[in-house]
Structure formats: structure tokens, C-alpha cells
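Here is the structure we will look at, set down as C-alpha cells.
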Amino acid sequence: MDKQKVEEAVKNLLAALGEDVESGGLKDTPRRVAEAYAELLAGEGQTADVHLARTFECEGAEPVIEKDIWFSSTCEHHLMPFFGKIAIAYIPDGKVVGISKLARTVEVFAKRLQIQERLTNQIAAEIMRCLKPKGVMVVCEAEHTCMTCRGIKKAGTKTVTYAVAGEFPKEKREEVLSLLK
Ligand code: ZN
């Protein structure tokens, strides 16, 4: 990200919106917005290898579930936040990963311009690629501010997406979904 260019662009945007960019309150806004974007898009180009590399041996064929992983991301259609909770369930193939590492994996893919469907799919695919479990299932429930603050303005509307990769038998999926309720 070219911070200088982002600052200029924000300045131009404010001017185009008819704002006085030199006024007290707006003076530092371009810099602040550029810093905010640097943080919000910090996952761009990253992978989760570093987070999912350290594993622990573990017997057992039942799903490991981590739920209520809070995330916020930025919708690529409106550049507005969407946020919510993600649950990840995977069926280990002899190894498991430290629980905080799944949340770190979520961060990698949330901190970039996204759509919810792709976010959900990318997390599932990355866990398959790095951890190589038998199967993985990701459920994402999110509120989109581009929908709750503009457009139809339906506060509290949630969008649910899910992705399954590898082998995740139907009865295990149902078990996971009932545990997520
Ligand atoms: Zn949007």
C-alpha cells in the first residue's frame, strides 16, 4: 500500500465531497484514514503458514471446533466494514494446532478487501493446505454495514455462509451445526 497516495486520494475525496480539507477537524483525516487502511488491509498478500506450522500430535477422529471467533473485514464493493463471528471445525488427521492459531488464520483473510463468501472459502482452503486435516468446515455469520447503514438499512440482518473442504461426513456436519447453536 502506498500510504502517501492514499492520503492524497482521501484529501481529493474530501474536496470532491465539498469539504474544507484544511479545516481543523479534517486536517489530519487523510493521514488517519491511510493509517486505518494500513491496519485494515494488513492481511493482503499474507498466508497462514506461519500460524499453522506448529502442530501437536493428537489421536482421535472427532471434530475440533472453535467458535465465536470475532472478526471484522472490509467489503470490496463499498469499502465499508462487515463483522461477525466465525466457527471453524476440523477433523484432525493425527495433528492439531494451537487454538489461537485458528483465530490468527481468520485475521489473515479478514484483513483485506473481501466478500464474505470468499473469506469463508479461503479460510477453509488454507486450513486444508497448511494443517492437512481430514476435513474442515467454516461457518461465518456477519453483519454488513453497507446493508445496515445505507441501502435498505435493515439493522441486525445477518448473512450466513459456510464452506466445507476435504472429507466431512454429513452426520459430523450436523453434529457441528447443533453444537454451534
Ligand atoms: Zn458492501
Side-chain angles (χ1 to χ4, degrees), residues 1-19 21-23 25-54 66-88 90 97-131 136-163 165:
M1 190 185 114
D2 186 333
K3 234 168 160 183
Q4 193 66 42
K5 270 193 177 166
V6 175
E7 278 189 40
E8 276 164 35
V10 174
K11 214 171 170 180
N12 289 337
L13 174 64
L14 287 168
L17 294 172
E19 300 290 341
V21 288
E22 300 305 330
S23 79
L26 293 178
K27 208 169 156 292
D28 290 328
T29 298
R31 179 185 52 78
R32 282 193 217 101
V33 174
E35 276 165 16
Y37 272 117
E39 187 181 330
L40 293 173
L41 307 182
E44 207 79 63
Q46 309 268 323
T47 65
D49 292 82
V50 59
H51 305 305
L52 298 174
R54 196 166 142 67
E66 187 161 340
K67 64 175 192 173
D68 295 339
I69 304 170
W70 193 86
F71 77 93
S72 73
S73 187
T74 308
C75 122
E76 71 177 9
H77 298 144
H78 301 91
L79 303 185
M80 288 176 79
F82 66 98
F83 56 88
K85 287 189 264 181
I86 283 180
I88 297 172
Y90 67 94
V97 72
I99 46 176
S100 70
K101 307 304 181 190
L102 294 177
R104 297 229 178 261
T105 301
V106 168
E107 280 294 283
V108 166
F109 295 98
K111 293 291 175 265
R112 56 180 76 181
L113 294 182
Q114 268 295 12
I115 62 170
Q116 187 180 333
E117 295 84 342
R118 190 168 66 223
L119 171 66
T120 312
N121 290 335
Q122 284 178 334
I123 293 167
E126 188 74 342
I127 290 169
M128 275 315 283
R129 186 180 72 82
C130 299
L131 185 61
V136 65
M137 180 171 166
V138 178
V139 183
C140 177
E141 189 179 294
E143 187 171 325
H144 293 247
T145 58
C146 63
M147 200 167 139
T148 55
C149 302
R150 56 163 290 286
I152 59 167
K153 296 193 192 69
K154 286 274 181 258
T157 306
K158 300 266 169 63
T159 305
V160 181
T161 49
Y162 80 96

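Below, each value reflects all heavy atoms present in this structure, side chains not excepted, and no hydrogens, waters or symmetry copies. Starting from 1, each residue takes its place in the sequence as its number. No experiment lies behind these values; they were computed from the predicted model shown.
Considering CD of E141 and OH of Y162, their distance stands at 14.5 Å, rounded to 0.5 Å. If you take SG on C75 and CE on M147, they are separated by 11.5 Å, rounding to the nearest 0.5 Å. To the nearest 0.5 Å, atoms CG (L17) and CG (N12) are separated by 10.5 Å. With values rounded to the nearest 0.5 angstrom, I69 atom CD1 is found 4.0 Å from I88 atom CD1. Atom CZ of R32 is separated from atom NZ of K27 by 10.0 Å, given to the nearest 0.5 angstrom. Rounding to the nearest 0.5 Å gives a distance of 10.0 Å between CD of E7 and CG of D2.
Atom CZ of R104 sits in a sparse spot, with 12 or fewer heavy atoms from other residues, nucleotides or ligands closer than 6.0 Å. Crowding of L79 atom CG: a count of heavy atoms from other residues, nucleotides or ligands under 6.0 Å exceeding 12. More than 12 heavy atoms of other residues, nucleotides or ligands lie within 6.0 Å of NZ in K67, so this atom counts as buried by the packing criterion.
Closest non-hydrogen pair, S72 versus A110, comes out as O-CB, 3.6 Å. Closest non-hydrogen pair, T148 versus A155, comes out as CG2-CA, 3.8 Å. A pairwise comparison of heavy atoms in V97 and H51 identifies CG2-O, 4.1 Å as the closest pair. The two residues C140 and T120 have their closest heavy-atom pair at CB-OG1, 3.5 Å.
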Could you give me the CA-CA distance, side-chain angles and deciding distance for R31 and E35, then say whether salt bridge (Lys or Arg N to Asp or Glu O under 4.0 Å) is met?
-> CA-CA 6 Å; R31 179 185 52 78; E35 276 165 16; 3.5 Å; yes
Go through the steps to decide whether K11 and E22 satisfy the test salt bridge (Lys or Arg N to Asp or Glu O under 4.0 Å), and finish with yes or no.
-> CA-CA 9 Å; K11 214 171 170 180; E22 300 305 330; 3.7 Å; yes
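If you check the side chains of Q116 and H144, you find a donor sitting under 3.5 Å from an acceptor.
Among the candidates V136, V108, I86, the single residue satisfying the side-chain contact (heavy atoms from CB on, under 4.5 Å) test with I123 is I86.
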